[in-house]
Participant: 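Take this structure first; my questions come after.
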4 protein chains.
Amino acid sequence: MGGTMDGTKQQRRGNTRQRIQDVALDLFAEQGYEKTSLREIAEHLDVTKAALYYHFKTKEEILVSVYEDRTRPILDLIEWGRQQPHTLETKQEIVRRYSEILAGAAPLFRFMQENQAAVRELRVGETFKERMQGLREIIVDPDAALHDQVRCVSAIFTLHAGMHFLQDLNASPEEKRKAVLEVATDLVTQAHEGTRRA
Amino acid sequence: MGGTMDGTKQQRRGNTRQRIQDVALDLFAEQGYEKTSLREIAEHLDVTKAALYYHFKTKEEILVSVYEDRTRPILDLIEWGRQQPHTLETKQEIVRRYSEILAGAAPLFRFMQENQAAVRELRVGETFKERMQGLREIIVDPDAALHDQVRCVSAIFTLHAGMHFLQDLNASPEEKRKAVLEVATDLVTQAHEGTRRA
Amino acid sequence: MGGTMDGTKQQRRGNTRQRIQDVALDLFAEQGYEKTSLREIAEHLDVTKAALYYHFKTKEEILVSVYEDRTRPILDLIEWGRQQPHTLETKQEIVRRYSEILAGAAPLFRFMQENQAAVRELRVGETFKERMQGLREIIVDPDAALHDQVRCVSAIFTLHAGMHFLQDLNASPEEKRKAVLEVATDLVTQAHEGTRRA
Amino acid sequence: MGGTMDGTKQQRRGNTRQRIQDVALDLFAEQGYEKTSLREIAEHLDVTKAALYYHFKTKEEILVSVYEDRTRPILDLIEWGRQQPHTLETKQEIVRRYSEILAGAAPLFRFMQENQAAVRELRVGETFKERMQGLREIIVDPDAALHDQVRCVSAIFTLHAGMHFLQDLNASPEEKRKAVLEVATDLVTQAHEGTRRA
DNA sequence: AATGAATGAGATTTCATTCAT
DNA sequence: CATGAATGAAATCTCATTCAT
């Protein structure tokens, strides 16, 4: 308060909204959306429930706001992808960039993956579906053989799964991410080549 | 009562437990575990909530019972796999059989996939993790290169994802299942060969 | 089953009613009347709840039946006391005999003492009150000074309390019972003498 | 509404917590802890059940809070007693003061006496036991003859019992309280003298 | 003499949400 | 910018009791 560096503690002042989003996402990811109550979020922040309602109209809106902030890069990626030629290089680049996006917002994606049911009829559910769809349209060639289409979807899924389901493989997170990216890239590449050959 | 064989309605008597499991799974899969209330289940069955408690001690127990009944084949598969030599053929056969198991209990697996957060601290959560672990131990070679290990995990995930994330690919379910199986088998095969070569 | 002596195990056959009473009293005394459910009683006996209803019309009736069986001696004591002259010796004898009755049905009296609220509007509540009243009428002289009347009531209470509230005094149960009886007798005696003198 | 100072009705605002405690204690004392539902308490206060949960985390906590507020004087008394010499005068003073404390929180003590079973495994059960223990340690001489120890316990019990079991003795409450105190004091005195003489 | 299946009533508790201050 | 107090709706679960078999 007043100091030049403000330091660690109690940096309140205007950023409550941000803090709510952060804490909420943590709890949502850890416990699930339904099991996380506003009371809990408020307690973690040391404010009252009513304070949350000053910043967000509903519980859902908290989630929506976090979601939109952190998944904007996907929109950009899709936009970018749509303007590129549908070459193998493009697809590989999409996979690479998507992998980075996932790594950059891991808790949110973990949340989305693990709370599909809870989220299905929320606004974010719809939006997420649409984005996935958008991604697919870019890397999946609708004229390709079915198994090659599947390969592409599998590539995306491999990236998603890579985040949470490799905990017991003993390797550093960075190594794992690379390995996952390699497999995903491979899948897209095989799909592309299978299609070319046909 | 009326028809010769009693037919559809009013087949009560003795099968209530089974009917509860069926209805519960349907609703859990459709709406999510947390969002499905016992009231709803009871109403669908035209019994009182208390009747559910006659057959099951808790809500969780309903889920557990369904889960255990329908995932027993996985246990058998793991058992079988453990006694086979760790050859490529075995792994391919595991993938094939697992694909069949998934297809045979699609709603349950859809549920497990979409409700990971909700289910995490339920008993089934633990059990499921263990089973996945068991499966992996059979098809993943711990000495293989990391990317080949990832391929195997990805194969399993592809099978799982194949069930719910290909709705918009236009092809018959049977065709899709075949394609998915093909991709998964391929992943395992590549992983195996990669390892051999090394 | 069939042996001459029948032995320990499974001595069923006709005595279920008795066994229900015993188990019920144990549980009532241990946990309280309200907290003891019929399910629990049934489980302890390894029969179904419905079986209890074959032997007793209601939960209350179980209690009533136990109560009546085990407190009959009080009725006899009162009857006897009413026919004696109201001498000191009579009063002392009442105290002595009552002490024995209490010791002989300790769990029931513990129950009655600790569940007064729960039992108040049950039939046993009324009955118990009446019996206490009857006892008092014999040992309390209505013309005595107030503090001497109190002494008599206190004597009875001392007997009751003696059963459960002396656990931490280090002495054998038998010694304690004697000491309690001594104090109670003393109180009655003092009351009587106080009155005489006046 | 009407009166100058707002008077009786609608004094809401700020004192709800207190009102809950008061109503709860009344109902607990009248009907017993288990038989008193939160619905009932809420209705008596003309608020919703949820309002109770705003002020207290559980039903038990309501009881605990009332208990702690009203039995603090006992703690003080014990503290005081511990610092006094263990003379007869001290003991008599303890008895006198305890009698006053009981009279000052009669409904609570009636409740505790009549709901021992219900309260046994609640937090208050433990606490109450401890306090009784504390009191005893002050007035009971551990080297005294057993019957003298019993006399002291009986004194305490006489005070307790005096509150609820003398309704039919025809005398004013104040007279009765005096008589009870006299008897209790006498018991302690006799115990003390018995010990002295030995 | 007892069971299996079920019910109706009600208990405690939790939650998202509102609003005057 | 936030709180204190409260609500309405609903959730999970328990219990004494019933009755056909």
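We name chains A, B, ... by the order of the sequence lines, and we start the count at 1 in each one.
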Participant: One thing to verify: whether C:Arg72 and C:Glu68 come together as a salt bridge, which I'm taking to mean a side-chain N less than 4.0 angstrom from a carboxylate O.
Facilitator: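 Between C:Arg72 and C:Glu68 there is no salt bridge, as every charged N stays at least 4.0 Å from the carboxylate O atoms.
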Participant: Closest approach to the side chain of A:Ala51, judged atom by atom: which nucleotide of F:dC13, F:dA2, E:dA2 is it?
Facilitator: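 Closest nucleotide among those given: F:dA2.
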Participant: In this structure, how many angstroms lie between the C1' atom of F:dT17 and the CD1 atom of C:Ile41, rounded?
Facilitator: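 It works out to 14 Å between those atoms.
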Participant: Taking CG from B:Asp46 and P from E:dG8, how many angstroms apart are they, rounded to a whole number?
Facilitator: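 My rounded result for the distance is 11 Å.
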Participant: Tell me, what's DNA chain E's dot-bracket, Watson-Crick or G-U with both distances under 3.5 Å, | for other-strand, [ ] crossing?
Facilitator: .||||||||||||||||||||
Participant: With a 4.0 Å limit, can you tell me whether B:Ser37 has a side-chain N or O closer than that to the phosphate oxygens OP1/OP2 of F:dA11?
Facilitator: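 Answer yes for this pair, as a side-chain N or O of B:Ser37 is under 4.0 Å from OP1 or OP2.
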Participant: Considering residues at least two apart in sequence or located in another chain, which fulfil the side-chain hydrogen bond (donor to acceptor under 3.5 Å, both in side chains) criterion with D:Lys35?
Facilitator: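 Partners of D:Lys35 by the side-chain hydrogen bond (donor to acceptor under 3.5 Å, both in side chains) criterion, ordered by chain and then number, come out as C:Glu121.
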Participant: I want to confirm an ordering. Mapping B:Lys35 and A:Thr48 to their closest nucleotides on DNA chain F, which one lands closer to the 5' end?
Facilitator: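 The answer here is A:Thr48.
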Participant: For A:Lys49 and for C:Glu34, locate the closest nucleotide of DNA chain F by heavy-atom distance; then report the residue assigned to the nucleotide nearer the 5' terminus.
Facilitator: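 By nearest-heavy-atom nucleotide position, the 5'-most residue is A:Lys49.
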Participant: Rounded to the nearest 0.5 Å, how far does NZ of A:Lys59 lie from NZ of A:Lys49?
Facilitator: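 It is 12.0 Å, given to the nearest 0.5 Å.
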Participant: Just how far, in rounded Å, is C1' of F:dC15 from CG of C:Leu38?
Facilitator: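 That distance rounds to 8 Å.
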Participant: Write down the distance between CD (A:Gln18) and P (F:dC1), rounded to a whole number of angstrom.
Facilitator: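 After rounding, the reported distance stands at 15 Å.
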Participant: Could you check D:Leu63, D:Val23, D:Val66 and say which one makes a side chain to side chain contact (heavy atoms under 4.5 Å, CB included) with D:Phe28?
Facilitator: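 Exactly one pass, corresponding to D:Leu63.
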Participant: Rounded to the nearest angstrom, tell me the gap between atom CD in D:Glu60 and atom P in E:dT12.
Facilitator: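 In whole Å, E:dT12 P lies 13 Å from D:Glu60 CD.
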Participant: Kindly say whether D:Gln31 contributes a backbone atom to a donor-acceptor pair with the side chain of D:Thr36 at under 3.5 angstrom?
Facilitator: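 No.
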Participant: Does A:Thr71 have any side-chain hydrogen bond (donor to acceptor under 3.5 Å, both in side chains) partners at least two apart in sequence or in another chain, and if so, which?
Facilitator: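 Applying side-chain hydrogen bond (donor to acceptor under 3.5 Å, both in side chains) to A:Thr71 gives A:Arg131.
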Participant: Is the phosphate of E:dT14 approached by A:Arg39 (side-chain N or O, under 4.0 Å from OP1 or OP2)?
Facilitator: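 Negative; the distance criterion is not met.
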Participant: Does F:dG4 have OP1 or OP2 sitting under 4.0 Å from an N or O in the side chain of D:His55?
Facilitator: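 For D:His55, the contact criterion (side-chain N or O under 4.0 Å from OP1 or OP2 of F:dG4) is not met.
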Participant: Just the rounded figure in Å: distance from P of E:dA5 to OH of B:Tyr54.
Facilitator: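 Roughly 4 Å, once rounded to whole Å.
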Participant: May I have the distance from A:Leu52 (atom CG) to F:dG4 (atom P), rounded to whole angstrom?
Facilitator: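 Rounded to whole Å, this separation is 13 Å.
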Participant: Tell me, which of residues 115-128 of chain B have any heavy atom that sits under 4.0 Å from an atom in DNA chain E?
Facilitator: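 The answer is none.
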Participant: F:dA6, OP1 or OP2 - any side-chain N/O from D:Thr16 closer than 4.0 Å?
Facilitator: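 Checking D:Thr16 against F:dA6: at least one side-chain N or O falls below 4.0 Å of OP1 or OP2.
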Participant: Got a donor-acceptor contact below 3.5 angstrom from the B:Tyr67 side chain to the B:Arg123 backbone?
Facilitator: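 Pair absent, no side-chain N/O of B:Tyr67 close to backbone of B:Arg123.
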Participant: For A:Asp26, check side-chain hydrogen bond (donor to acceptor under 3.5 Å, both in side chains) against everything at least two apart and list the hits.
Facilitator: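 Not a single residue meets the side-chain hydrogen bond (donor to acceptor under 3.5 Å, both in side chains) criterion with A:Asp26.
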Participant: Start at the 5' end of DNA chain E and walk down; is the nucleotide closest to B:Arg17 or to D:Thr36 reached first?
Facilitator: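 Final value for this comparison: B:Arg17.
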Participant: Tell me which nucleotide among E:dT7, E:dT3, F:dT7 gets nearest to the side chain of B:Ala50.
Facilitator: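 Comparing E:dT7, E:dT3, F:dT7 against the side chain of B:Ala50, the answer is E:dT7.
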Participant: Could you tell me whether the side chain of A:Lys59 has a donor or acceptor atom within less than 3.5 Å of a complementary atom in the base of E:dT17?
Facilitator: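 Check fails, no donor-acceptor contact within cut-off.
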Participant: For D:Thr58 and E:dT12, is the shortest distance between a side-chain N/O and OP1 or OP2 below 4.0 Å?
Facilitator: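 Answer no for this pair, as no side-chain N or O of D:Thr58 is under 4.0 Å from OP1 or OP2.
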Participant: Could you check how far CZ of C:Phe56 sits from C1' of E:dA1, rounded to whole Å?
Facilitator: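 Rounding to the nearest Å, CZ of C:Phe56 and C1' of E:dA1 are 14 Å apart.
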Participant: So, does C:Gln21 use its side chain to make a donor-acceptor pair with the main chain of C:Ile62 at under 3.5 Å?
Facilitator: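 Judged by distance alone, no pair lies under 3.5 Å.
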Participant: Got a list of side-chain donor-acceptor pairs under 3.5 Å for residues 112-119 of chain D, not counting sequence neighbours?
Facilitator:
{"from": "D:Glu114", "atom 1": "OE1", "to": "C:Arg120", "atom 2": "NH2", "distance (Å)": "2.2"}
{"from": "D:Asn115", "atom 1": "OD1", "to": "D:Tyr33", "atom 2": "N", "distance (Å)": "3.1"}
{"from": "D:Asn115", "atom 1": "ND2", "to": "D:Phe111", "atom 2": "O", "distance (Å)": "3.0"}
{"from": "D:Gln116", "atom 1": "NE2", "to": "D:Gln113", "atom 2": "O", "distance (Å)": "2.9"}

